[in-house]
**Q** 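I have a structure I would like to understand better, so I am pasting it below and will then ask my questions one at a time.
All values reported here derive from a predicted model rather than from experimental measurement. Note that ligands are numbered from 1 as they come in the structure, with each ligand's atoms numbered from 1 the same way.
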Amino acid sequence: MAKNINTIGVLTSGGDAPGMNAAIRAVVRQALYKGKKVKGIKRGYAGLLDEEIIDMDAKSVSDTISRGGTILQTARCLEFVTPEGQQKGAEICKKHGIDAIVVIGGDGSFKGAQKLAALGINTIGLPGTIDLDIACTEYTIGFDTACNTAMEAIDKVRDTSTSHERCSIVEVMGRGAGYIALWCGLANGAEEVLLPEKYDYDEQRLIEQITDARARGKQHYIIINAEGVGHSQSMAKRIEEATGIETRATILGHMQRGGSPTCKDRVYATTMGAMAVDLLCEGKSNRLVAYKDGKFVDYDIDEALAMTKTIPEYMYEISKSLV
Ligand code: ADP
Ligand code: F6P
């Protein structure tokens with residue numbers, strides 16, 4: 001029989017992402033609309049174990065939809081990876097009357113949600129990461145904003161690169177995944193994208209391409225390098241030495257995680273946040289909200305974590321053919 005949910009907790013975990021506030025707001029407002037109480041858990045699982053738990057009402061999320069970061073703050077918590085930490089977390093939930101939790105984060109955070117579900121706390125995960133590296137979904141909260149932020153920065157690098165007739169390596173985030181790099185490669189019309197999933201470490205080929213491009217009259221050469229490939233500074237040095245073309249490396253870093261979310265991130269995060277509450281009210285647990293084939297859907301967390309994801313081949317192909 002479906003468990004009756006009275007109080008829903010919400011937390012953000014792992015790296016923050018623009019749109020997390022829109023998701024929190026939707027969880028809070030939809031839960032209140034359905035007659036539930038809401039508790040905010042601060043600093044992810046670390047805050048749960050420290051009992052940093054606050055009551056939330058409709059006003060607690062006023063004026064937050066347009067704000068980057070997460071009003072609940074976030075953290076990484078090693079203690080929660082242990083069975084003792086998870087048991088303690090479940091007991092704290094029970095102590096505070098929390099029957100269910102919405103976890104906004106990435107795969108690591110969902111493993112935590114999976115453990116809580118097994119300990120009797122109903123859980124729903126929302127994909128919150130700029131990296132787009134969650135296999136079951138074609139959308140993650142924050143990816144669109146991060147790509148737009150990186151795209152605008154790369155446009156600026158391109159201006160100065162052209163003026164100085166330089167080669168520029170721009171390193172974007174993504175942890176082990178190359179989605180931000182691929183999207184920026186296409187959005188910025190970069191000459192080269194280096195993705196951890198695809199990179200062959202053939203620097204000689206890259207050097208020949210840069211030299212050929214210069215011979216054909218290209219005034220700049222923009223390489224978008226995913227952080228999973230890394231080594232942008234040393235790569236720039238080697239390229240400059242081999243080609244004689246001035247080469248600079250720019251690492252965009254954490255600016256990609258901040259800023260006001262785009263319309264898409266606000267709307268999708270809002271829809272997912274409301275859906276998480278609806279699923280809990282239907283008695284569902286251990287599920288992830290995802291976006292697949294044009295629809296918002298939900299998956300069992302165990303099944304979702306077993307899925308794999310690959311770089312879309314055609315997008316990668318055209319990042320090479322359109323230069
Ligand atoms: P993300 O959620 O973005 O993948 P992390 O991998 O850093 O980020 O995970 C966030 C947090 O989720 C970790 O700090 C930890 O508290 C929790 N977590 C990660 N892996 C596990 C696990 N195997 N079991 C329980 N909790 C986990
Ligand atoms: O997962 C989001 C992300 O920004 C990755 O792109 C990056 O590798 C990592 O987090 C950086 O983590 P931190 O904020 O701990 O430096």
**Q** Just wondering, more than 12 heavy atoms not from Asp63 lying within 6.0 Å of its CG?
**A**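 Not more than 12 within 6.0 Å, no.
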**Q** Between Lys39 and Glu52, does any side-chain N to carboxylate O distance fall below 4.0 Å?
**A**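 No, Lys39 and Glu52 are not salt-bridged.
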**Q** Which atoms of ligand 2 sit under 4.0 Å from any heavy atom of Arg76?
**A**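 Answer, ordered by atom number: 10 (O), 12 (O), 13 (P), 15 (O).
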**Q** Considering only NZ, NE, NH1 and NH2 on the basic side and carboxylate oxygens on the acidic side, decide whether Arg214 and Glu165 come within less than 4.0 Å.
**A**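 Answer for the salt bridge query: no.
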**Q** Ignoring angles and geometry beyond distance, decide whether Gly106 reaches within less than 3.5 Å of ligand 1 through its nitrogen or oxygen atoms.
**A**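 Yes, since at least one N or O of Gly106 sits under 3.5 Å from an N or O of ligand 1.
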**Q** Tell me the closest heavy-atom pair linking Leu119 and Ala90, and the distance in Å.
**A**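 Closest approach of Leu119 to Ala90: CB-CB, 3.8 Å.
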**Q** Return the residue, atom name and 0.1 Å-rounded distance of the protein heavy atom closest to atom 22 (C) of ligand 1.
**A**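 Among all protein heavy atoms, the one nearest atom 22 (C) of ligand 1 is Lys111 CB, 3.5 Å.
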**Q** For ligand 1, which atoms, with element, lie under 4.0 Å from some heavy atom of Cys77?
**A**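 Checking each atom against Cys77, I get 13 (C), 14 (O), 15 (C), 16 (O).
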**Q** Counting only heavy atoms closer than 4.0 Å, does ligand 1 sit against the backbone of Lys115, its side chain, both, or neither?
**A**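 The answer is the side chain.
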**Q** To which protein heavy atom is atom 2 (O) of ligand 1 closest, and what is the distance rounded to 0.1 Å?
**A**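 For atom 2 (O) of ligand 1, the nearest protein heavy atom comes out as Ser109 OG, 2.5 Å.
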**Q** At what distance is the nearest protein heavy atom to atom 11 (C) of ligand 2, and which residue and atom is it?
**A**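 Checked against all protein heavy atoms, atom 11 (C) of ligand 2 sits closest to Arg257 NH1, 3.5 Å.
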**Q** Can you find an N or O of Gly108 that's nearer than 3.5 Å to an N or O of ligand 1?
**A**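 There is such a contact, yes.
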**Q** Checking a contact table here: which protein heavy atom is nearest atom 8 (O) of ligand 1, and how many Å away?
**A**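 It is Gly14 CA, 3.7 Å.
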**Q** Closest non-hydrogen protein atom to atom 7 (O) of ligand 1, residue and atom name please, with distance?
**A**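 Heavy-atom neighbour on the protein nearest atom 7 (O) of ligand 1: Arg76 NE, 2.9 Å.
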**Q** Polar contacts were defined as any N/O atom of the residue lying under 3.5 Å from an N/O atom of the ligand; does this apply to Gly174 and ligand 2?
**A**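 Yes.
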**Q** Taking only non-hydrogen atoms of Thr129, do any sit less than 4.0 angstrom from ligand 1?
**A**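 Judged by the 4.0 Å heavy-atom criterion, Thr129 does not count as contacting ligand 1.
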**Q** What part of Tyr45 sits under 4.0 Å from ligand 1 if we count only heavy atoms: the side chain, the backbone, both or neither?
**A**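 It is the side chain that touches ligand 1; the backbone stays farther off.
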**Q** Among all the protein's non-hydrogen atoms, which is closest to atom 2 (C) of ligand 2, and how far away is it?
**A**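 For this ligand atom, the closest protein heavy atom is Asp131 OD2, 3.3 Å.
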**Q** For Gln114 and ligand 1, answer yes if some heavy atom of the residue is under 4.0 Å from a ligand atom, otherwise no.
**A**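 Under 4.0 Å: no for Gln114.
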**Q** Less than 3.5 Å apart, any donor N or O on the side chain of Thr70 or Asp16 sitting next to an acceptor on the other?
**A**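 There is no such pair between these side chains.
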**Q** State whether Glu51 and Lys95 are salt-bridged, where the test is any N-O pair (Lys NZ or Arg NE/NH1/NH2 against Asp/Glu carboxylate O) under 4.0 Å.
**A**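 Between Lys95 and Glu51 there is a salt bridge, with a charged N closer than 4.0 Å to a carboxylate O.
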**Q** Give the ring-plane orientation class for Tyr45 versus Phe80, where under 30° counts as parallel, over 60° as perpendicular and anything between as tilted.
**A**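 Correct class here is parallel.
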**Q** As an exercise, identify every atom of ligand 1 less than 4.0 angstrom from a heavy atom of Gln86.
**A**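 Under 4.0 Å from Gln86, ligand 1 has these atoms: 24 (N), 25 (C).
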**Q** One thing to verify: whether Asp278 and Lys34 come together as a salt bridge, which I'm taking to mean a side-chain N less than 4.0 angstrom from a carboxylate O.
**A**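 A salt bridge is present here (some side-chain N lies under 4.0 Å from a carboxylate O).
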**Q** Which is closest to atom 13 (P) of ligand 2 in terms of heavy atoms, Glu227, Gln256, Met173, His254?
**A**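 Nearest option to atom 13 (P) of ligand 2, by heavy atoms: His254.
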**Q** Any side-chain donor-acceptor pair under 3.5 Å between Arg266 and Ser260?
**A**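 Result is yes, a qualifying pair exists.
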**Q** Number the atoms of ligand 1 from 1 as they appear, then name those within less than 4.0 Å of a heavy atom of Phe80, with their elements.
**A**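 Those atoms are 16 (O), 25 (C), 26 (N).
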**Q** Would you mind checking which non-hydrogen protein atom is closest to atom 11 (C) of ligand 1, with the distance to 0.1 Å?
**A**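 Ranked first by proximity to atom 11 (C) of ligand 1 is Ser13 OG, 3.5 Å.
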**Q** For Glu171 and Ser232, which I'm curious about, is there any donor-acceptor pair between the side chains at under 3.5 Å?
**A**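 Per modelled atom types, Glu171 and Ser232 side chains form a pair under 3.5 Å.
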**Q** Are any of the side-chain nitrogens in Glu227 or Arg175 under 4.0 Å away from the carboxylate oxygens of its partner?
**A**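 Not counted as a salt bridge, because no side-chain N and carboxylate O are separated by less than 4.0 Å.
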**Q** Please check if atom NZ in Lys198 has more than 12 non-hydrogen atoms from other residues, nucleotides or ligands closer than 6.0 Å.
**A**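 Enclosed.
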